Undergrad: 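This is the structure I have questions about; it appears just below.
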Amino acid sequence: MTPSKSLKADWTPNALTSLLERVADLILTLDRTGRILSIEVCSDELPETLAKAWKGRSIDDTLVNSSATAVRDIERVLEGADQKLDLVHRLESGGSELPVQYQLVALNEHTVLAAGTDLRPVASLKQQLVNAQHALEQDYWRLRQLETRYRRIFDMVGDAVLVLDAISMRVLEANPRANELLSDGDKGVVGRSFPLGFSRSSLQAAQTVVSESQSIGRSQVHNLLLDDGDTRVDVAVSFMRQAGEERFLIRIGTRDSSSALRTDASSVFLQEVIRNAPDAILMTDQDGRITAANYSFLELSQLVGEEQVLGHTADRWLGRSTVDLSVLLSNLREKSVVRLFSSTLIPRAGSPTQIEISACRLEEADGPAFALFIRDVERRITREHPVTSKLPSSIEQVTQRVGRVPLKELVRESTDIIEALCIETALEVTQDNRASAAELLGLSRQSLYAKLRRFNIGGSETDEAAVE
């Protein structure tokens with residue numbers, strides 16, 4: 001107890017004030033009714049005009065929620081209780097919000113000292129965490145959908161398919177056709193060692209096929225005999241490395257199966273895949289007239305049935321102008337494949353949607369046809385960029401607006417983007433210290449604050465009084 005008393009005796013008002021200014025962003029002195037007697041702004045991120053705007057007012061009058069009250073908490077502190085208080089203030093400039101966490105301490109019977117910490121950096125981190133969680137959830141469901149499609153294809157293919165562990169040579173996965181062809185009972189082939197189900201004369205050849213694929217990545221098709229002595233099969237193996245694991249993918253096709261039946265089944269299956277694909281798909285003739293459309297395209301275009309699009313040219317829904325479809329079809333005639341062609345989809349009602357188109361040319365008996373795979377990129381999740389509310393976030397996005405925005409405006413936006421990105425980089429390098437950022441950019445603090453307000457970087461609560 002003696003060292004504590006000695007330390008307390010050495011405290012001075014100046015020392016306490018200096019300590020508070022270092023650990024707090026905002027220091028308020030309040031009376032019993034919540035009226036602000038004095039205010040000290042200790043952070044460069046807070047407007048110095050707060051002292052003039054808040055002094056003499058009730059702290060409740062500065063809060064966003066008009067029904068909130070801090071008076072009862074002040075009363076508890078004056079009665080001797082420790083109190084922590086989270087409040088959200090309304091800033092006069094731009095009406096933005098300022099969340100602050102206060103520690104309240106009674107100075108005497110009538111006065112309370114409130115040392116506040118600016119919670120905006122914490123709120124920003126929480127928002128980034130929410131965005132990251134949202135992106136992870138989207139990735140999770142996308143992977144689940146991919147796995148579902150993979151499983152469906154895996155189970156429906158007419159050939160036997162096996163996935164082997166490259167070290168133990170045990171079967172990790174097998175489709176129903178593989179169990180039917182290679183299993184000698186109801187237990188299936190998963191967990192058993194490969195090769196299995198082949199005749200004695202073909203066992204060595206099956207091992208050779210696997211070794212060959214490990215050396216060159218994939219093997220040639222080998223004709224082997226199953227252990228029933230009558231059925232001959234074509235065996236092909238591919239070797240894969242993924243996430244630090246090595247796998248063999250084995251396809252086994254029976255020669256006596258009807259290839260026509262497999263072709264028909266595959267054709268029906270592909271039609272179902274295209275019809276229910278999550279991305280929009282259009283089939284057009286060589287002039288761009290729509291011959292087929294899947295459900296996703298109808299939903300994206302806000303249409304009820306396929307008959308509403310059949311026979312119409314695709315530029316009725318696709319393209320910032322008729323030029324887009326002409327350029328796309330011209331490239332398809334020359335290159336057969338076009339990837340990630342940026343365009344716009346114009347729905348029946350509502351605003352246009354940004355899309356990416358990948359397309360290929362199909363050689364049909366009555367002439368070439370085109371398949372267009374359309375992806376909605378309007379809601380693509382990216383890391384929130386402070387400039388995106390007013391400007392595109394990259395030069396690439398500016399170039400994608402050619403044809404929709406005049407060149408003069410595009411040039412102006414390009415200049416603004418470069419300037420805004422440089423300011424953001426300087427703030428990141430200086431850990432959001434605006435005085436240091438201004439020095440790094442070779443600007444005065446007045447110029448930097450003006451540009452921050454112009455590009456809406458760091459919120460609209462920029463200190464106007466600092467620009468004197």
Side-chain angles (χ1 to χ4, degrees), residues 125-168 170-179 188-191 194 213 217-218 236-251 265-266 268-282 293-301 337-343 345 353-360 371-385 388 393-394 396-397:
L125 287 175
K126 288 182 178 179
Q127 184 60 49
Q128 291 182 32
L129 180 61
V130 170
N131 292 343
Q133 182 66 29
H134 190 188
L136 285 174
E137 289 179 0
Q138 284 204 331
D139 288 342
Y140 169 76
W141 287 111
R142 188 180 298 113
L143 288 174
R144 286 291 299 271
Q145 291 172 355
L146 286 174
E147 182 180 4
T148 300
R149 291 196 289 270
Y150 156 74
R151 286 291 176 187
R152 186 175 179 185
I153 295 172
F154 190 66
D155 291 341
M156 292 184 65
V157 293
D159 290 341
V161 180
L162 302 173
V163 179
L164 307 182
D165 178 66
I167 298 176
S168 65
R170 291 191 177 276
V171 179
L172 301 177
E173 297 183 59
N175 67 344
R177 179 58 176 160
N179 287 320
V189 299
V190 175
F194 189 85
S213 70
R218 62 186 307 160
V237 183
S238 295
F239 179 68
M240 302 179 298
R241 285 190 180 93
Q242 188 174 21
E245 298 177 335
E246 297 180 347
R247 300 284 185 263
F248 290 113
L249 180 63
I250 302 177
R251 180 181 61 83
S266 298
V268 172
F269 174 69
L270 285 175
Q271 289 178 13
E272 283 297 311
V273 169
I274 291 173
R275 184 173 289 110
N276 296 287
D279 287 340
I281 300 176
L282 279 185
N294 72 342
Y295 296 144
S296 293
F297 179 82
L298 299 178
E299 182 179 358
L300 198 60
S301 303
V337 174
V338 172
R339 294 181 176 87
L340 303 181
F341 182 90
S342 297
S343 187
L345 185 138
T353 301
Q354 298 302 310
I355 58 173
E356 287 179 350
I357 303 176
S358 295
C360 62
L372 279 58
F373 301 85
I374 303 164
R375 173 162 292 179
D376 179 5
V377 297
E378 189 76 19
R379 297 184 299 274
R380 183 171 286 172
I381 297 297
T382 57
R383 184 176 181 269
E384 186 177 355
H385 197 290
T388 53
S393 61
S394 67
E396 180 182 357
Q397 289 187 11

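Everything numeric in this text was worked out from a predicted model, so none of it was measured.
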Undergrad: Just wondering, more than 12 heavy atoms not from Glu299 lying within 6.0 Å of its CD?
TA: no
Undergrad: Answer whether the closest heavy-atom distance between the side chains of Ile357 and Val338 falls below 4.5 Å.
TA: no
Undergrad: Is the backbone of Glu356 close enough, under 3.5 Å, to the side chain of Ser342 for a donor and an acceptor to pair up by distance?
TA: no
Undergrad: Output yes when a side-chain donor or acceptor of Arg170 lies under 3.5 Å from a complementary backbone atom of Gly191, and no otherwise.
TA: yes
Undergrad: Taking the side chain as every heavy atom from C-beta outward, state whether Ser301 and Leu345 have any atom pair closer than 4.5 Å.
TA: yes
Undergrad: I need the minimum non-hydrogen distance between Val171 and Val189, along with the two atoms involved.
TA: CB-O, 3.4 Å
Undergrad: Verify side chain to side chain contact (heavy atoms under 4.5 Å, CB included) between Arg247 and Asp165, making sure each step is shown before the conclusion.
TA: CA-CA 5 Å; Arg247 300 284 185 263; Asp165 178 66; 2.9 Å; yes
Undergrad: Give a yes or no on this: more than 12 heavy atoms of other residues, nucleotides or ligands lie within 6.0 Å of atom CD1 of Ile167.
TA: no
Undergrad: Enter the distance from Glu147:CD to Arg151:CZ here, rounded to the nearest 0.5 Å.
TA: 6.0 Å
Undergrad: So, taking the atom named CG in Leu164 and the one named CG in Leu172, what distance separates them when rounded to the nearest 0.5 Å?
TA: 7.0 Å
Undergrad: For residues Pro278 and Arg149, report the shortest heavy-atom separation together with the two atoms involved.
TA: CG-NH1, 3.6 Å
Undergrad: Phe239 and Ala166: which non-hydrogen atoms are nearest, and at how many Å?
TA: CE1-CB, 4.1 Å
Undergrad: Taking Asn175 for the side chain and Asp159 for the main chain, is one N or O donor matched with an acceptor at less than 3.5 Å?
TA: yes
Undergrad: Rounded to the nearest 0.5 Å, what separates atom CD in Gln145 from atom CH2 in Trp141?
TA: 8.5 Å
Undergrad: With rounding to the nearest 0.5 Å, note down the distance linking CD1 in Ile281 to CG in Asn294.
TA: 5.0 Å
Undergrad: Whether Asp279 and Arg375 form a salt bridge (side-chain N of Lys/Arg under 4.0 Å from carboxylate O of Asp/Glu) is what I want to check.
TA: yes
Undergrad: Within the structure provided, determine whether Asn131 and His134 are in side-chain contact (heavy-atom separation under 4.5 Å).
TA: no
Undergrad: What are the two closest non-hydrogen atoms of Ser296 and Ala277, and how far apart are they?
TA: OG-O, 2.5 Å
